[in-house]
Amino acid sequence: NAGVTQTPKFQVLKTGQSMTLQCAQDMNHNSMYWYRQDPGMGLRLIYYSASEGTTDKGEVPNGYNVSRLNKREFSLRLESAAPSQTSVYFCASTPGGPVGVVRAFFGQGTRLTVV
Amino acid sequence: QKEVEQDPGPLSVPEGAIVSLNCTYSNSAFQYFMWYRQYSRKGPELLMYTYSSGNKEDGRFTAQVDKSSKYISLFIRDSQPSDSATYLCAMSYNTDKLIFGTGTRLQVFP
């Protein structure tokens, strides 16, 4: 099983460019998440999707959009990249629900640099 | 104030030491408490979790929750160089949201 797969692994963007980060899970999980990780800030929730067809804002949603394409896939889009969005982005999935949420599986991360 | 606070470290200990990692939180509604381990340039992985108050032991690792003090701990006995990683606490309150601490970087030297 691949678990949670993120693409790309690395990306350099120029300010103002757009891009989409892709995430897919093969564990039949209901809930999917996008986090960013910055030094000294820990993992901060950008958006999450509790189930197919629903999305909700997390702690730091500004500058991002998401799409829950189907149960397997959850994408994160940067419409106009800014240097402040330089970060490591992690996608995660869980079975969902108050008990299932404890078992989060993470992808390997996407290292994004905006110059 | 952040909902979950965690000392970022780094914490450097000799092999064989007992390590204590801690988090405090402000939201009394948190019910599930988790510890994740993250190796350099990897995604976090679940180490263990507890529900509500109490202790849980798994091999060399023990998780403790004190809801009255809003304080959780992870103890690592007989620490090994392979335990060198960043340890993140996480919490949830009967929803699908997971809230993470900033992580504590641990270095165990031989």
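Proteins come first, then strands; the chains are lettered A, B, ... in the order of their sequence lines, and each starts at number 1.
- Remark: the A:Tyr89 side chain and the A:Tyr64 side chain contain an N/O donor-acceptor pair separated by less than 3.5 Å.
- In summary, the side chains of B:Gln80 and B:Asp78 do present a donor paired with an acceptor at a separation below 3.5 Å, with no hydrogens or angles considered.
- Looking at B:Tyr36, only its side chain comes within 4.5 Å of chain A, counting heavy atoms on both sides.
- Just one residue in the list A:Ser75, A:Ser31, A:Ser49 forms a side chain to side chain donor-acceptor pair (under 3.5 Å) with A:Arg68, and that residue is A:Ser49.
- Side-chain contact, B:Arg105 with B:Tyr87: no donor N or O sits under 3.5 Å from an acceptor N or O.
- A:Asp38 and A:Ser87 share a donor-acceptor pair across their side chains, judged by distance under 3.5 Å alone.
- Proximity to chain B involves both the backbone and the side chain of A:Leu43, based on heavy atoms less than 4.5 angstrom apart.
- For a residue to count as touching a neighbouring chain, one of its non-hydrogen atoms must lie under 4.5 Å from one of that chain's; by this rule B:Gln6 does not touch chain A.
- Heavy atoms of A:Arg103 lying under 4.5 Å from chain B belong to its backbone as well as its side chain.
- The contact between B:Leu98 and chain A is made by backbone and side chain atoms together, counting heavy-atom distances below 4.5 Å.
- Only the side chain of A:Glu59 has a heavy atom closer than 4.5 Å to any heavy atom of chain B.
- In terms of heavy atoms, B:Ser92 sits closest to B:Lys97 at CB-O, 3.2 Å.
- The candidate with the highest count of non-hydrogen atom pairs below 4.5 Å against chain B, out of A:Gly107, A:Ala104, A:Gly40, A:Gly109, is A:Ala104.
- B:Lys56 forms a cation-pi arrangement with B:Tyr49, by the criterion of a distance under 6.0 Å to the ring centre and an angle within 45° of the ring axis.
- For A:Tyr33, the part sitting under 4.5 Å from any heavy atom of chain B is the side chain, from C-beta outward, and nothing else.
- The main-chain N or O of B:Val108 is found under 3.5 Å from a side-chain atom of B:Ser84 such that the two form a donor-acceptor pair.
- Each of A:Gln37, A:Arg44, A:Gln6 has some count of heavy-atom pairs under 4.5 Å with chain B, and the biggest count is that of A:Gln37.
- The choice from B:Gln38, B:Lys2, B:Glu45 that makes the most heavy-atom pairs within less than 4.5 Å of chain A is B:Gln38.
- No part of B:Pro8 comes within reach of chain A, as not one of its non-hydrogen atoms sits under 4.5 angstrom from that chain.
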